[in-house]
Amino acid sequence: MLSADLLVHNIGQLATVPGPGPKRREALADVGLVRGASMLVRDGRVAWVGQERELPTHEAAERLDAGGAAVVPGFVDPHTHLIFAGDRVDEFEMRLRGVTYQEILAAGGGILSTVTKTRAADLDALVASARLRLDRMVAHGSTTVEAKTGYGLSTECELRMLDAIYALDATHPATLVPTFLPAHAFPPEYRDDPDAYVTLIVEEMLPTAIARRPADTTLFADVFCEAGVFTVAQTERILNRARELGYALKLHSDEFEALGGTSLGVSLGATSIDHLMATPDEEITRLAESETVAVLLPGTTFGLGKDDWARARAMIERGVAVALATDLNPGTAWCVSMPFIMALATRYLRLTPAEALTASTLNAAASLGLHHERGSLTPGYYADFLLLDTGD
Ligand code: NIG
Ligand code: FE
């Protein structure tokens with residue numbers, strides 16, 4: 001007799017997205033579809049899943065009738081800039097008139113305009129504004145959300161941003177995964193001596209942040225490697241130090257220009273490399289031969305009004321493990337919705353709906369190192385699931 005906390009029954013279609021993943025090539029489309037399914041949940045984890053007629057003898061404290069609807073794993077959104085103050089409405093209009101994202105940043109706006117507003121916000125204000133966004137993300141089906149710092153760019157404000165992530169994780173039903181991103185831009189104080197800021201990151205910021213992370217928390221370090229932002233050499237200095245200190249690694253690479261950051265990230269064993277809109281063929285091959293997950297952000301291409309979509313089909317065909325994320329941020333992608341990202345991915349990255357589902361669940365979990373516990377409804381995984389108001 002199986003004892004369970006919850007039985008979900010009368011499920012029309014259940015996509016288990018079978019673990020462990022990450023899924024590559026044809027396997028990306030294998031969502032493990034079970035028709036006429038039931039699922040038993042115990043201690044927050046999937047205890048049994050399968051066809052209703054094979055349901056084992058059980059005792060369940062609670063029952064949920066799915067009414068023939070579909071069930072999928074909760075979405076994992078593995079790249080967000082959830083914590084920030086203010087907005088950048090004025091810049092959106094400038095960009096519509098033809099000024100580029102990089103020109104705005106070089107003129108001291110863009111990320112730096114959000115830095116000014118974020119530095120002026122206290123912890124409570126950062127948590128409160130992010131909580132509203134996180135509520136909306138959950139309403140759109142995200143149950144695990146990565147969140148980056150990167151709008152503080154001083155030790156004090158970057159740590160405040162991390163505290164905001166930890167405070168939200170402790171008080172919100174969503175699961176948050178923290179990423180430390182002091183290397184998001186050069187703060188105005190270091191405009192004339194960027195390498196001195198890199199020194200501050202490696203000597204002070206990285207050691208301080210990892211020393212005060214909560215127990216049992218994986219902390220990622222990330223760098224915006226891009227023309228006009230962090231060079232490959234600066235990125236290497238930061239990520240090497242981060243790795244020595246025990247961070248897991250992420251990287252923003254090839255959003256606008258291919259500098260070679262992707263090869264660097266692969267050789268350092270980055271858990272994920274993100275954006276990859278301008279990635280050349282050789283580096284797609286390097287990604288395919290590695291364990292590094294490629295996180296594609298079509299909401300950013302859309303938000304920038306561009307049409308240089310990441311070459312997802314070439315990546316999948318060569319065997320790259322591909323995931324999707326919103327990149328929620330006030331500059332390029334004010335988007336809380338993984339379903340919208342999946343819609344863009346099917347139209348412009350030419351993923352099938354099944355591929356987009358795996359890329360938004362199990363492979364997204366893999367890009368956070370969580371593919372053994374989240375992003376799937378395989379027994380043993382956390383039972384983060386969505387009951388859709390549709391049958392398919
Ligand atoms: O991933 N590219 C760098 N960071 C963000 C944009 C952040 C911003 O503009 O505020 C991104 O697109
Ligand atoms: Fe980003």
Side-chain angles (χ1 to χ4, degrees), residues 77-92 94-95 99-119 121 126 129-130 133 145-153 157-158 161 165 177-187 220-230 235 238 249-259 261-262 265 270 272-279 293-306 308-310 323-336 341 344 364 367-368:
D77 186 348
H79 182 139
T80 89
H81 302 258
L82 172 69
I83 315 288
F84 61 85
D87 64 56
R88 306 232 291 271
V89 173
D90 48 338
E91 291 179 10
F92 182 66
M94 283 165 73
R95 284 199 284 113
V99 187
T100 70
Y101 179 79
Q102 293 106 306
E103 283 164 353
I104 293 172
L105 180 60
I111 293 172
L112 296 176
S113 110
T114 301
V115 168
T116 306
K117 293 164 196 151
T118 303
R119 285 180 173 180
L126 290 178
S129 64
R133 293 188 278 272
V145 171
E146 183 260 14
K148 301 178 195 294
T149 69
Y151 296 117
L153 309 186
C157 191
E158 284 291 311
M161 291 190 72
I165 298 168
V177 176
T179 296
F180 194 51
L181 177 61
H184 197 196
F186 290 100
F220 284 91
D222 192 349
V223 177
F224 186 12
C225 179
E226 187 58 58
V229 200
F230 290 81
T235 302
I238 294 165
L249 306 184
K250 290 188 162 285
L251 186 59
H252 285 65
S253 183
D254 307 332
E255 180 176 357
F256 298 96
E257 281 179 43
L259 304 180
T262 300
S272 81
I273 303 182
D274 305 22
H275 282 293
L276 303 169
M277 277 142 76
T279 309
V293 178
V295 178
L296 306 183
L297 309 168
T300 310
T301 318
F302 172 82
L304 288 167
K306 295 174 72 173
D308 54 348
W309 305 94
L324 293 168
T326 59
D327 195 18
L328 166 66
N329 75 74
T332 60
W334 196 312
C335 173
V336 293
I341 296 302
L344 290 175
S367 76
L368 300 172

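The structure displayed is predicted, hence computed values, not measured ones. Just so you know, ligand 1 is whichever comes first in the structure, and atom 1 is the first atom listed for that ligand.
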Sorted by chain and number, the residues that approach ligand 1 to under 4.0 Å with a heavy atom: H79, H81, R88, Y101, I111, Y151, H184, F224, H252, E255, H275, T300, D327, N329, G331, T332
Close side-chain approach of S272 to E146, heavy-atom, < 4.5 Å: no
Environment of the Fe ion (ligand 2) in terms of protein N/O/S atoms, cut-off under 2.8 Å: H79 NE2, H81 NE2, H252 NE2, D327 OD1
Residue pair D254 / H275, side-chain donor-acceptor N/O under 3.5 Å: no
Flag, side chain of T179 to backbone of A221, donor-acceptor distance under 3.5 Å: no
Between CG on residue D327 and CG on residue L296, distance to nearest 0.5 Å: 11.5 Å
Side chains of H252 and H184, donor plus acceptor under 3.5 Å: no
With sequence neighbours excluded, residues passing side chain to side chain donor-acceptor pair (under 3.5 Å) with S367: none
More than 12 heavy atoms from other groups under 6.0 Å of CZ on F256: yes
T118 side chain reached by L126 side chain, heavy atoms, under 4.5 Å: yes
Set of residues satisfying side chain to side chain donor-acceptor pair (under 3.5 Å) with respect to T301, sequence neighbours excluded: none
